[in-house]
Protein chains: 4
Amino acid sequence: MYFRKKANSIFSKFFNLELEKQERILNASMKEFAQKGFKNASTNEIVKEADIAKGMLFHYFNNKKDLFLFLYDYSLEALEEEFFGKIDLQERDLLKRWRQLALLKIDVIAKYPEMFRFIMAANFENDGKVKNELQNRNKDFITSSYAMIYDNIDHSKWRNDIDIKRAMDIINWTIEGFGVRQQEKTKLPSFSEFNCDEIMAEMDRYLELFRNCFYKQQEDASSQ
Amino acid sequence: MYFRKKANSIFSKFFNLELEKQERILNASMKEFAQKGFKNASTNEIVKEADIAKGMLFHYFNNKKDLFLFLYDYSLEALEEEFFGKIDLQERDLLKRWRQLALLKIDVIAKYPEMFRFIMAANFENDGKVKNELQNRNKDFITSSYAMIYDNIDHSKWRNDIDIKRAMDIINWTIEGFGVRQQEKTKLPSFSEFNCDEIMAEMDRYLELFRNCFYKQQEDASSQ
Amino acid sequence: MYFRKKANSIFSKFFNLELEKQERILNASMKEFAQKGFKNASTNEIVKEADIAKGMLFHYFNNKKDLFLFLYDYSLEALEEEFFGKIDLQERDLLKRWRQLALLKIDVIAKYPEMFRFIMAANFENDGKVKNELQNRNKDFITSSYAMIYDNIDHSKWRNDIDIKRAMDIINWTIEGFGVRQQEKTKLPSFSEFNCDEIMAEMDRYLELFRNCFYKQQEDASSQ
Amino acid sequence: MYFRKKANSIFSKFFNLELEKQERILNASMKEFAQKGFKNASTNEIVKEADIAKGMLFHYFNNKKDLFLFLYDYSLEALEEEFFGKIDLQERDLLKRWRQLALLKIDVIAKYPEMFRFIMAANFENDGKVKNELQNRNKDFITSSYAMIYDNIDHSKWRNDIDIKRAMDIINWTIEGFGVRQQEKTKLPSFSEFNCDEIMAEMDRYLELFRNCFYKQQEDASSQ
DNA sequence: AATGAATGAGGCTTCATTCAT
DNA sequence: AATGAATGAAGCCTCATTCAT
């Protein structure tokens, strides 16, 4: 992991802290940035929430921008490990592969909710001070993500009259939209807890719909 | 229009201005808010761009928050008129109705680019000071929008084995994603000008794909 | 006066203040900068001393650096007027011309002590943020000052065996050193008030010594 | 040496360090103070450059001010040794004695450049925290320096009509001004290296001018 | 109504000094 | 003795809002 090595030297002051304090700082920072965006996030609030002295944030991370980018790199690397390390590239059915990813995503959100929300928010970040550097990092990430997801897919199952490129767009947008909808449900006052099985069951209905529309229909009933 | 009445009493100081000055203020404010978000938007920049005295902004709108929400209400009402007033509810084919909406949207962007950008940006607004009030307004808007779009749709054309509710979700997300993609294209350095015909041709390919998947396939070739 | 025109447009906010407040700000700023140098000068102290609100300094001058350079330009222009406007270029005797300058300088110090101290201190300023811009301004000033002082000097009175260039250096350094010594006297606890006549009498002794050494000695006694 | 004794007791923690570390600390401190002045000098930079732990600086020297004054006393004592120990008081010709001092000064700059630059900078120090104490130390130093330089001078060579006290002032100021000019030359981009012979040759031209003006002129040509 | 100066809280950041280990 | 994390006051600057004119 290139970043982790770099981070350990540049941010060694941070990584030498006791883990519990590291986590307090990470959570407080990500929460503040996720809620308010880069510019509106207050380092004062972060140190208050993390319960550290005013100067320490700058002792560990130099400045607000470096803190933000550190969090981004740190999160991206953690997420990459979760995703890329665990996806089964032997599965050549695109819809099944997406299903895997959805499961992984649910895991990640459950395991690192702060981090996930931070990364999502960072991708909408517009502030000139960090936008460029985020885009550079993101370009690579998205390119390699899509490359991986679509790598070695078996197209033989697909209906011949389907425009595969656009069908894939539709699948992407649907899964993204589905994710956003789930996310929004968690913000409702009626939300109590994350029910993974229910979400996956719902997800499967969309995937089934795609299978039903985009794949060749077999005569026998053993469709899935 | 409920809002316009309310606005005329609360914001009568603003509406009593000469129209040209009203427009300068609207454009300057929307531009600043769209570019920088609620908190980072500078009232200084707004008055400079609108060429009015600093105090007047607060004389007309009380404070920054009220200005922002006024702009939101004002824009939403204007867009509603454009959309809801012009859509042909006689068209009972959902895909054709979406096509209408896409065309209307392109018109709106061309006619009121500042306003459109402002509304888009406002929907991503996260600042605590305005978020709640925006969500309240938006819930109503989205509810009534969807009600209208899906009102009196002819379901007889659809394949019986298709889960119509979810298929509609897919269509929504696709059209939204498609819109975002077009939006992003305008930010590329290679972007020169908005080519409506090209965009609609591309949009039609997605709609055609949906028709091909979700609708009953007729034996004769007169599909569309 | 080029600067004054520029200043009136850029710093119009400042120049539109009532004169008494302008002066409070000028004096407080020059005093603080003269005492502590650019970096160590505290804008907090300045506003406290000038009895204005925290934000006003930045409203008038944008930032600390611009304030400093404004003061420098403002002072230099004021001093230039005092010096260059009043020196008698018909006087072709270098020592008499220096005598004029000494008198003018004493006037200036008496009239604008804060300003004089500020300019003196600014010429020792080392801070990277302002050093370059100071040097640019100063180069022109010093070049034109020396050009004026040594312009059209009558060399016929000088001993032929004297290296005039180096003799002039000696005169410069002596007058500068003499000035510093007077300045330091004002800082002593025993100092009560500026006695111009006494200072000029003392100055004359040095000039007389130079006349005695560098000029041809006439046989009759009417030396001066 | 009074100071060394005092220092050995107060700063014994420092003097008990290995010499190499002592020197690292001295050089780093003097360099930082000379470059940035008392207040702007950063103890962080000093410890980084000296490669010691932050706390040690305060362990050895109590605080920044004490460190600065220690360096000043230490340097002054070292310079005194260089100057006062080596000057030949048998030479009773003032101009020749000044020549000796100039040579010694050049030696000192070459031998202890850091220290020389520090002392020069310290003499322009204006910060309230150290100014008073510096002035006290300096008064004694300058008084005793001048006493020594002018001690036992042979006045018989001087023209009777010359005001010796003021002539000596002129010589002082000239030599000081000459030194400053040489110093400034080293800062020019065109400066490559210190040419001692050239500098002394130039210095001699000024001394010769003084001899020519202030001393009785002998009839034979063996002037020097 | 119109102007823009005035206010002061809060923003990020630096830094000498202390202190637990 | 040695380390460097911790502290918090003070630094410059921004900005929504108020208010005298």
Side-chain angles (χ1 to χ4, degrees), chain A residues 12-14 16-18 21 36 38-47 51-67 129, chain B residues 13 16-17 21 38-48 51-68 129, chain C residues 12-14 16-18 21 36 38-47 51-67 129, chain D residues 13 16-17 21 38-48 51-68 129:
Chain A
S12 61
K13 286 173 196 159
F14 173 72
N16 285 336
L17 295 176
E18 37 182 335
K21 189 183 270 191
K36 308 192 187 163
F38 175 71
K39 185 153 180 192
N40 295 141
S42 161
T43 54
N44 278 344
E45 288 300 313
I46 292 174
V47 297
D51 194 29
I52 58 173
K54 194 98 173 270
M56 295 322 290
L57 213 59
F58 302 94
H59 182 61
Y60 304 140
F61 301 107
N62 301 324
N63 55 45
K64 193 183 180 184
K65 179 184 169 184
D66 285 1
L67 166 61
K129 272 192 183 164
Chain B
K13 287 175 202 154
N16 285 336
L17 295 176
K21 189 185 268 195
F38 175 71
K39 182 143 181 202
N40 294 140
S42 158
T43 54
N44 265 330
E45 287 302 311
I46 292 174
V47 298
K48 214 185 291 171
D51 195 26
I52 59 171
K54 186 79 185 279
M56 297 321 291
L57 206 64
F58 296 89
H59 182 63
Y60 303 141
F61 300 107
N62 301 323
N63 56 41
K64 195 182 180 184
K65 179 183 169 184
D66 286 0
L67 165 61
F68 184 85
K129 274 192 182 166
Chain C
S12 60
K13 285 174 196 158
F14 174 71
N16 285 338
L17 295 177
E18 38 182 335
K21 188 182 271 194
K36 307 193 188 164
F38 174 71
K39 183 150 179 195
N40 296 142
S42 159
T43 54
N44 278 343
E45 287 302 312
I46 292 174
V47 298
D51 195 28
I52 57 173
K54 193 102 173 265
M56 295 321 289
L57 213 58
F58 303 95
H59 183 60
Y60 304 141
F61 301 107
N62 300 325
N63 56 44
K64 193 183 179 183
K65 179 183 171 184
D66 285 1
L67 165 61
K129 272 192 184 164
Chain D
K13 286 175 203 156
N16 284 337
L17 295 175
K21 189 185 266 191
F38 174 71
K39 183 144 181 201
N40 293 141
S42 158
T43 54
N44 265 330
E45 287 302 312
I46 293 173
V47 298
K48 215 186 289 172
D51 196 27
I52 59 171
K54 187 80 185 277
M56 298 320 291
L57 206 64
F58 297 89
H59 183 63
Y60 303 142
F61 301 106
N62 301 324
N63 56 43
K64 195 182 179 183
K65 179 184 169 185
D66 286 359
L67 165 63
F68 183 84
K129 274 193 183 165

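Naming convention: chains lettered A, B, ... in sequence-line order (proteins, then strands); numbering from 1 in each chain. Here the structure is a predicted model, which means the values were calculated and not measured.
Annotation: salt bridge (Lys or Arg N to Asp or Glu O under 4.0 Å) contacts of D/Lys65 (sequence neighbours excluded): D/Glu133. Every residue meeting the side-chain contact (heavy atoms from CB on, under 4.5 Å) condition with C/Thr43, not counting sequence neighbours, appears here in chain and number order: C/Leu57, C/Phe58, C/Lys64. Here B/Asn62 pairs with B/Asp66 under the side-chain contact (heavy atoms from CB on, under 4.5 Å) rule; sequence neighbours left out. Taking B/Asn40 as the reference, A/Lys39, A/Asn40, B/Lys36 meet the side-chain contact (heavy atoms from CB on, under 4.5 Å) condition, with sequence neighbours excluded.
One distance of note links NZ of A/Lys21 with CG of A/Asn16; it measures 12.0 Å at 0.5 Å rounding. The OH atom of B/Tyr60 sits 4.0 Å away from the CG atom of B/Leu17 when rounded to the nearest 0.5 Å.
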If a protein heavy atom is under 4.0 Å from the base, mark B; if only from the sugar-phosphate, S; if neither, -; do that for nucleotides 12-21 of chain E going 5' to 3'. SBB-BBB---

Show your reasoning for whether side chain to side chain contact (heavy atoms under 4.5 Å, CB included) applies to D/Met56 and D/Val47. CA-CA 8 Å; D/Met56 298 320 291; D/Val47 298; over 6 Å; no

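Every stem involving DNA chain E, taken as at least 3 paired positions in a row under the Watson-Crick or G-U wobble test at 3.5 Å, is listed here: E:2-21 with F:2-21.
Across the protein-nucleic acid pair, D/Leu57 atom CG and F/dA1 atom C1' stand 15 Å apart, rounded to whole Å. When the P atom of F/dA16 is taken as reference, atom OH of B/Tyr60 falls 18 Å away, rounded to whole Å. Residue B/Asn16 contributes atom CG, which lies 9 Å from atom P of E/dA1 at whole-angstrom precision.
Within 4.0 Å of B/Lys48, counting heavy atoms only, lies no atom of the nucleic acid at all.
Between C/Ile52 and B/Ile52, the residue anchored nearer the 5' end of DNA chain E, judged by the nucleotide with its closest heavy atom, is B/Ile52.
Between A/Phe61 and A/Phe14, the ring planes lie tilted relative to each other; the angle falls in the 30° to 60° range.
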